[in-house]
Every structure is written in C-alpha cells, then in structure tokens.
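A short worksheet on the structure shown next.
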Amino acid sequence: MATATGEQATRTRGGRLVSALSWMLDPVERETFEEEFWESRSLHVSHADPHYFSELLTLDDVDRLLALVDANLDTVRIIRDGQEISVSELVASNGSTGRTTAVEAVYQHYRTGSTIVLNSLDRRWEPLGRFAAELGAEISARPQMNVYLTPGGNERGFAPHYDTHDVFILQVHGSKRWSLYGSAHELPLRSQPYNHADPLPEEAEQELELTAGDLLYLPRGTVHAGTSMDSASVHVTIGVHPLLWASVLQDAVGQVLADDVRFRTALPLGFARSGPLQRRTEDTLGELVELLASRLAPATMTAEAVKHAAAIGPTSLRHHLSDLEALSSLRPTTTAKSPPLKVERIAYGPGRA
C-alpha cells in the first residue's frame, strides 16, 4: 500500500494540458503507476483539495440527479449491509409511479442508513461522460462510472468483496473509511466472482480514510469494504474493464474453430470404453493443437484487439438535432467539415469551489 500527497491544488499542472489518468494520479507519474501499481498494488493519492473532483460531480449534482429518479428507476439501487432493495418494487408497493413517491422512497431509505447507487452515470451526466470518453481512449479500456451516496454515521452499503475489474475510487464529498483485506484471488476473470461464503481474515491488512479529493486505486481481486464517517459520503467508482490476453486468445481460437470443420467433428464413437480409440484421440488432439497454433497470427490478433479497443467508447450523436435543423440552410457551395476523430483533450485542473 502506498500513499502520495500532492500540493495544495491551486494550479493546473503548470498550465499545460494533462491526460485524464495523469490528472487523477497527480503527483504520481503515470509511468510509476503503470510499473509499480497497475494490476499489482493498491494506491492512495491525497490531492489535499476537497474540490479536486468537483468539476466531475458534487453533492448538489447528486441531489439534482435524484430528483429525476422516477425517469431512471432501473439505474438506481438501494443497498444496505449487502442487501438490495428494488426501487421499482418500492414505488409499485406504494400504488403510485409519481415522482414525489419515487424520490421520497429513495430518500427515506437513505435517511435510515441505506447507500444509494447511481449506476453507469457516465451515460447520463455529461462531465462524467466526457471524462470517461477520454480516459477510455487513453488506456484502451472501457470505464464504467457508478456513484455511491452513503449517509453519515458509520454506515456500510456493501459487505467485504472483490471486483472482477480494476477500480479507481474518487472521493467527491465527505469521507469514507476503507478496509482492505488483500487479494483473495489474483486478477480474477469475470467468471470468477467473489464468494461471500469464503472466510475473511480477522483483521484487515490496511485501514485508510479517503477524504474529499482523494483517490484510491484497487487492482481487481482486492477484497475491500467502505464505511461512512460522521457526514455523508459521495464517491465515484470507475470500474476499468481492460482487454485481457485471455479474451484476445479466446476470440482468435473461437474464430479458427468456427472456420475449420476439422475442429467441429466429433471424437470417435465409443472412445471412452476403448484404449486404442483413446490413443487415437490423443494423436488427433496433438495434430489439432499444432494446426491451431499455426492458424493463430499475432499480427492479426493484435489488429483485432486494436479494432475492439477503438470501439469501446460510447456512441455519441451530440449536436445531432442542431445539425438536422441546419439542413435547410445547406447550399451547393456549403463547405462540409468532418467531426474530429480524436477525443477532445480536456484541461483538467483544480475542481470548482
């Protein structure tokens, strides 16, 4: 576990543009993070500025978003001690689908200690959406941003668990105490989720407090749990879903198997009861493995991975309605401009007050 402390954030990193990842990690250099922490160690960064992340989200922004909860019931979750309450069922049980009923149902549970989760908020909140687009393009991975609002008073939404994706936690408001129990399963796949029946160590390996403006990075597989302090806590969890070697290989192998009929034929009839047929099966499998290896081209696989990474970002039709309105003004002499292919670089600096 490492902790880094930055200066009081009254600067924009020398007035120069910085990438999304560099801005999050400052003052830790990206190269240091990649070599010493990515997929291996947790990292706590203190920016010493409670407003550092407020250009992405504030407590008041969360309040505004919750006021629209009736239109997005499926994107809101209510969690307490690891148990989830369906917002849709809450509204239905009250016999109404009105906004006041939905909002009040959410706030009622919040006031009694539940954590409110806004799933995939980067799809509906433009500051997070722009940040997710740049971060995803920079790291060639798909980020998903969920927001967690927990009331003060030592409340815990989720029981200790690990995620099957890497996590950046951006503390936006208040503070939260995190207990880290080490890695229960090194770099688990999506098919290897946390088993809550597994025993936890009696004591956490690390206890740390995130205050507003702090960042915590957790490699996938790190067992963790967060508990609120005296006041309300808001944090953004950025789940990072990178391309894995396993996925690239599985896709390439799957394509070979689909293209070549020799891989789709059946094993010999009755092989399970015949020694000679089992030896024949072994010989055939050896031939197929050699054939498979000869059909896997690293250059082709890399090109496919690049195409997949390029398609990770969300589709955006921003300004499409304005463009449609402008169609009537087009003339044969009108100069057409293609939209930029490069993701817009944002000058991230200190958060707004």
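Values in this document were obtained by computation on a predicted structure and should not be read as measured data.
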#### Entry: Test ring pair (Phe, Tyr, Trp, His ring centres under 6.0 Å) applied to Tyr110 - qualifying residues, sequence neighbours left out
none
### Check: Tyr52 ring centre within less than 6.0 Å of Trp23 ring centre
yes
### Task
Could you note down all residue pairs passing salt bridge (charged side-chain N to carboxylate O under 4.0 Å, His left out) where residues 173-185 supplies at least one of them, sequence neighbours left out?
none
#### Entry: Residues that Arg142 engages under side-chain contact (heavy atoms from CB on, under 4.5 Å), provided they are two or more places apart
Gln144, His241, Ile312
#### Entry: By side-chain contact (heavy atoms from CB on, under 4.5 Å) - contacts of Asp198 (at least two apart)
Asn195
#### Entry: side-chain contact (heavy atoms from CB on, under 4.5 Å) involving Ser175 - partner list, sequence neighbours excluded
Glu209, Thr211, Met229
### Query
For Asp166, which residues count as a side chain to side chain donor-acceptor pair (under 3.5 Å) partner, sequence neighbours excluded?
Tyr217, Arg220
Please list every donor-acceptor pair under 3.5 Å in which a side-chain atom of residues 277-285 meets a protein atom from a residue at least two apart or in another chain.
unit_1 : atom_1 : unit_2 : atom_2 : d
Gln278 : NE2    : Phe271 : O      : 3.1
Gln278 : NE2    : Ala272 : O      : 3.2
Thr281 : OG1    : Leu277 : O      : 2.8
Thr284 : OG1    : Arg280 : O      : 3.0

### Task
Go through the structure and list residues passing salt bridge (Lys or Arg N to Asp or Glu O under 4.0 Å) with Arg262, not counting sequence neighbours.
Asp260
### Listed partners of Glu84 passing side-chain contact (heavy atoms from CB on, under 4.5 Å), at least two apart
Arg77, Ile79
Pairs under 3.5 angstrom only: tabulate donor-acceptor contacts from the side chains of residues 181-188 to other protein residues two or more places apart or in another chain.
unit_1 : atom_1 : unit_2 : atom_2 : d
His185 : NE2    : Gln192 : OE1    : 3.4

### Message
Glu207: which residues meet the salt bridge (Lys or Arg N to Asp or Glu O under 4.0 Å) condition with it, sequence neighbours left out?
### Response
none
### salt bridge (charged side-chain N to carboxylate O under 4.0 Å, His left out) contacts touching residues 234-253 (sequence neighbours left out)
none
## Note on the structure
Heavy atoms of Phe37 and Thr32 approach each other most closely as CD1-O, 3.8 Å
